[in-house]
Peer 1: 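Sharing a structure, written as structure tokens. Questions coming.
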Amino acid sequence: MNLKFRAKDYTSDDSFESAEYEYFGNEKEGWEIKRNGQPYLHLGPGYIPLKTISCGVCSTDIDRRFLPFPLPQIIGHEVLAEGLGENQGKQFVVEINDTFEARGDKDIDSFCKEGIPTHSPERRVLGIDRLPGGFGPYILAPIHAAISLEGVSPKAAVLMEPFAAALQAILASPPKPGDHVAVLGPRRLGSLILAALASYRKTNKANFRITAITRHDHLVSLSKAMGADEVVDLRNTEISNLKDQFDIVYDTTSTASGFESALQIAKREVHLKTTNGQVMAGIAHLTELVVDELSILPYSESNTMFHWQKETRKNQNVFVFSGVSGTIKENLKKQFTVFEGNSSDAESILNSEPFSKRLPRFDLVVVSNPEELSFAIRPNPNHENSLVRPRGAILVDLNNSRNWPDNASLVANFFADGKEIHSSRCGDFHIAISLLRDNPEITHALETNLISHRFSSEQLELAYATAKDPSSVKVVVDFQ
């Protein structure tokens with residue numbers, strides 16, 4: 001099959017430029033992609049062509065220039081599409097991760113074997129990392145990432161990717177009985193987290209309260225429609241009056257000030273869902289923290305056992321930075337294989353023989369200051385590999401926290417109080433579809449309330465600018 005079309009590439013100066021693309025190939029033999037007549041990307045077997053119906057604009061699109069992936073690119077990953085060829089007439093939503101499993105490859109890497117295929121370093125990401133996205137008229141989707149749309153209306157389906165991502169936050173940080181949780185910034189993803197919380201509560205017959213925190217009139221009514229029990233308007237309430245009020249705060253603001261507010265009002269945990277690629281509260285690489293779905297926890301013996309709830313693995317290999325106290329190091333050596341040194345030492349160890357046939361990451365990394373914390377997430381500017389395994393934890397030794405720089409004092413106090421930072425990325429479409437089928441009133445709320453603006457594909461720049469405006473909620477670009 002040969003598909004030739006023009007599309008608008010997103011560039012590093014936050015603008016769009018027109019480019020000519022050509023896809024040539026097929027599912028069994030692979031594809032060649034050309035951009036302006038030059039080779040752009042080679043894809044092996046396992047991809048099917050789809051025609052874009054519509055694509056939502058999200059915070060990642062707006063902050064795309066800050067992410068460590070090459071530009072220009074056709075961005076957009078919240079895709080509703082229809083099939084071509086033998087899939088003519090079928091509609092699909094598309095999971096964004098291009099992995100061994102998504103393509104149906106028989107040869108898989110250690111990340112797939114560990115049950116975390118979406119974190120494989122070899123993956124591409126639709127509309128984010130190399131693979132052309134949904135702001136073009138055609139995409140190439142890994143065959144198992146294209147999910148047939150059955151039982152959910154097309155109006156709600158264009159929200160499937162962000163709804164699945166929202167649901168992932170609740171599955172990674174589920175409220176406990178009697179909890180009072182808050183969603184900070186209930187706009188695009190935040191409104192979906194409200195909906196995910198409400199549907200999760202109903203499906204599981206759970207007992208917890210949901211509060212939305214905003215400063216915009218239109219988000220007050222939207223939050224209630226999406227499932228919030230109550231709404232706090234920050235134009236009338238000082239953030240200091242909410243200190244330690246909420247067991248879990250799901251931060252979807254994508255701002256440094258929002259993250260700092262979340263740290264102040266959380267009683268137990270901040271779940272970081274969106275970031276902006278910048279240093280926040282003195283911590284670097286928080287965007288990458290979310291990409292890898294990592295957690296940051298104060299050091300304790302119980303936290304050395306940390307893993308995601310549905311995982312059955314046990315932590316074995318721990319890396320300890322040089323600044324960590326000797327007492328902690330000795331205690332760790334009683335239970336784990338412990339490696340010590342700086343970030344360069346850690347990289348050398350992960351590239352050595354003991355890790356050649358296993359996941360090349362430590363199960364836990366222990367740090368003593370913000371700089372070590374940054375290196376634990378991304379030790380080397382030449383690649384995107386963390387020292388700690390995806391969905392693993394970085395433990396913070398607070399013995400010297402009084403010496404942390406002033407811009408990190410809020411985080412130091414947060415951890416000193418025994419509180420935690422968790423994160424999550426994209427979610428399982430099958431679970432999301434099932435939850436929406438079980439909760440038709442939530443589906444109706446999504447269809448009725450969330451999409452505030454729709455634009456044709458010729459108006460992409462206007463759609464993008466509108467999505468940046470706080471008065472918008474969800475902006476969708478239509479191709480048909």
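As the structure is a prediction and not an experimental result, all values here were calculated from the model.
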Peer 1: Taking the side chain from Thr214 and the backbone from Leu219, do they hold a donor-acceptor pair closer than 3.5 Å?
Peer 2: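 Such a contact is absent between Thr214 side chain and Leu219 backbone.
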
Peer 1: Out of curiosity, Glu441 CD to Leu446 CG, how far, rounded to the nearest 0.5 Å?
Peer 2: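 Glu441 CD to Leu446 CG: 10.5 Å, rounded to 0.5 Å.
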
Peer 1: Please tell me whether Ser409 and Asp406 have a donor and an acceptor in their side chains that are separated by less than 3.5 angstrom.
Peer 2: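 On atom types as modelled, these side chains do not qualify, holding no pair under 3.5 Å.
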
Peer 1: State plainly whether the residues Asp129 and Arg124 are in salt-bridge range, i.e. N to O under 4.0 Å.
Peer 2: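 No.
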
Peer 1: Are any non-hydrogen side-chain atoms of Pro132 and Ile33 less than 4.5 angstrom apart?
Peer 2: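 Pro132 reaches Ile33 side chain to side chain.
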
Peer 1: Does the ring centre of Phe479 sit less than 6.0 Å away from the ring centre of Phe135?
Peer 2: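 No - the distance between ring centres of Phe135 and Phe479 does not fall below the 6.0 Å cut-off.
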
Peer 1: Are Asp247 and Arg209 ion-paired here, with the side-chain N under 4.0 Å from a carboxylate O?
Peer 2: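 Salt bridge flag = no for Arg209 with Asp247.
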
Peer 1: Within the distance-only criterion (no hydrogens, no angle test), does the side chain of Asn241 pair as donor or acceptor with the backbone N or O of Thr237 below 3.5 angstrom?
Peer 2: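 Such a contact is absent between Asn241 side chain and Thr237 backbone.
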
Peer 1: I'd like to know if the side chain of Ser15 pairs up with that of Thr11 as donor and acceptor (distance under 3.5 Å, no hydrogens or angles considered).
Peer 2: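 On atom types as modelled, these side chains qualify, holding a pair under 3.5 Å.
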
Peer 1: Treating Asp61 as the side-chain partner and Val57 as the backbone partner, does any N or O pair qualify as donor plus acceptor under 3.5 Å?
Peer 2: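 Side chain of Asp61 to backbone of Val57, a donor-acceptor pair under 3.5 Å: no, none is there.
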
Peer 1: Any side-chain heavy atom of Ile296 within less than 4.5 Å of one from Val396?
Peer 2: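 Ile296 reaches Val396 side chain to side chain.
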
Peer 1: Does one side chain, of Arg6 or Ser18, offer a donor that lies under 3.5 Å from an acceptor on the other?
Peer 2: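 Distance-only check passes for Arg6 and Ser18.
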
Peer 1: May I ask you to test the Ile128-Leu67 pair for a side-chain heavy-atom distance under 4.5 Å?
Peer 2: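 In contact.
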
Peer 1: Tell me yes or no: between the side chains of Glu458 and Ser456, is some donor less than 3.5 Å from an acceptor?
Peer 2: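 Per modelled atom types, Glu458 and Ser456 side chains form a pair under 3.5 Å.
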
Peer 1: Got a donor-acceptor contact below 3.5 angstrom from the Arg64 side chain to the Leu71 backbone?
Peer 2: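 Not at all, since once roles are kept as given, no pair shorter than 3.5 Å links the two residues.
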
Peer 1: Judged by modelled atom types alone, do His271 and Ser423 share a side-chain donor-acceptor pair under 3.5 Å?
Peer 2: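 On atom types as modelled, these side chains do not qualify, holding no pair under 3.5 Å.
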
Peer 1: Can you find a side-chain donor-acceptor pair between Arg361 and Ser386 that sits under 3.5 Å?
Peer 2: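 There is no such pair (donor and acceptor under 3.5 Å, judged by atom type) between the side chains of Arg361 and Ser386.
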
Peer 1: For the pair Arg103 and Glu122, find out whether any cationic side-chain nitrogen is under 4.0 Å from an anionic carboxylate oxygen.
Peer 2: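 Result for this pair is yes, salt bridge flagged.
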
Peer 1: Side chains of Ser472 and Arg187: do they bring a donor and an acceptor to under 3.5 Å?
Peer 2: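 Yes - a donor-acceptor pair under 3.5 Å links their side chains.
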
Peer 1: Hey, is the main chain of Pro175 close enough, under 3.5 Å, to the side chain of Asp179 for a donor-acceptor pair?
Peer 2: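 No, the answer is negative, given that no donor and acceptor are paired below the 3.5 Å cut-off.
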
Peer 1: Measure the CD1-CD distance between Ile213 and Glu230 for me, rounded to the nearest 0.5 Å.
Peer 2: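 The CD atom of Glu230 is 9.5 Å from CD1 of Ile213, to the nearest 0.5 Å.
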
Peer 1: Charged N to carboxylate O below 4.0 Å: is that the case for Arg313 and Glu114?
Peer 2: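 So Arg313 does not pair with Glu114 through a salt bridge.
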
Peer 1: Measure centre to centre between the rings of Phe306 and His422, then say whether the value is under 6.0 Å.
Peer 2: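 That pair passes the under 6.0 Å test.
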
Peer 1: Does Phe111 have its ring centroid less than 6.0 Å away from the ring centroid of His119?
Peer 2: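 Between Phe111 and His119, the centre distance exceeds or equals 6.0 Å.
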
Peer 1: Are the charged groups of Arg35 and Glu17 less than 4.0 angstrom apart, N to O?
Peer 2: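 Yes.
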
Peer 1: Using atom types as modelled and distance alone, determine if a side-chain donor or acceptor of Asp9 lies under 3.5 Å from a backbone N or O of Ile74.
Peer 2: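 Such a contact is found between Asp9 side chain and Ile74 backbone.
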
Peer 1: Less than 4.5 Å apart, side chain to side chain, heavy atoms only: is that true for Val365 and Phe321?
Peer 2: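 The answer is yes, as the side chains (C-beta and beyond) meet within the 4.5 Å cut-off.
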
Peer 1: Is it true that a side-chain atom of Arg425 and a backbone atom of Gln168 form a donor plus acceptor pair closer than 3.5 Å?
Peer 2: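 Such a contact is absent between Arg425 side chain and Gln168 backbone.
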
Peer 1: I want to check something: taking the side chain as every heavy atom from C-beta on, are Val125 and Leu131 in contact at a cut-off of under 4.5 Å?
Peer 2: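 The answer is no, as the side chains (C-beta and beyond) never meet within the 4.5 Å cut-off.
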
Peer 1: Answer yes or no: are there more than 12 heavy-atom neighbours, outside Gln309 itself, under 6.0 Å from its atom CD?
Peer 2: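 At most 12 heavy atoms, drawn from other residues, nucleotides or ligands, come within 6.0 Å of this atom.
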
Peer 1: Report the C-alpha distance between Glu95 and His430 in whole Å, list the side-chain angles of each, state the deciding distance to 0.1 Å, and finish with yes or no for side chain to side chain donor-acceptor pair (under 3.5 Å).
Peer 2: CA-CA 10 Å; Glu95 293 185 326; His430 298 282; 5.2 Å; no

Peer 1: Between Asp428 (side chain only) and Ala164 (backbone N and O only), is there a donor and an acceptor less than 3.5 Å apart?
Peer 2: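 The answer is no, because no donor-acceptor pair under 3.5 Å joins these two groups.
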
Peer 1: Under 3.5 Å, is there a donor on one side chain and an acceptor on the other for Ser240 and Gln264?
Peer 2: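 There is no such pair between these side chains.
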
Peer 1: Ser54 side chain to Asp478 main-chain N or O, any donor-acceptor pair under 3.5 Å?
Peer 2: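 Checking the backbone N and O of Asp478 against the side chain of Ser54, no donor-acceptor pair under 3.5 Å is found.
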
Peer 1: Test your reading of the model: is there a side-chain donor-acceptor pair from Asp417 to the backbone of Lys419, 3.5 Å cut-off?
Peer 2: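 The answer is no, because no donor-acceptor pair under 3.5 Å joins these two groups.
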
Peer 1: Is there side-chain contact between Leu41 and Leu43, with at least one heavy-atom pair below 4.5 Å?
Peer 2: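 Yes. Closest side-chain heavy atoms under 4.5 Å.
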
Peer 1: Establish, from distance only, whether the side-chain atoms of Asn439 and Arg437 form a donor-acceptor pair under 3.5 Å.
Peer 2: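 Absent: no donor and acceptor within the cut-off.
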
Peer 1: Thinking salt bridges, do Arg391 and Asp363 make one under a 4.0 Å N-O criterion?
Peer 2: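 Answer for the salt bridge query: no.
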
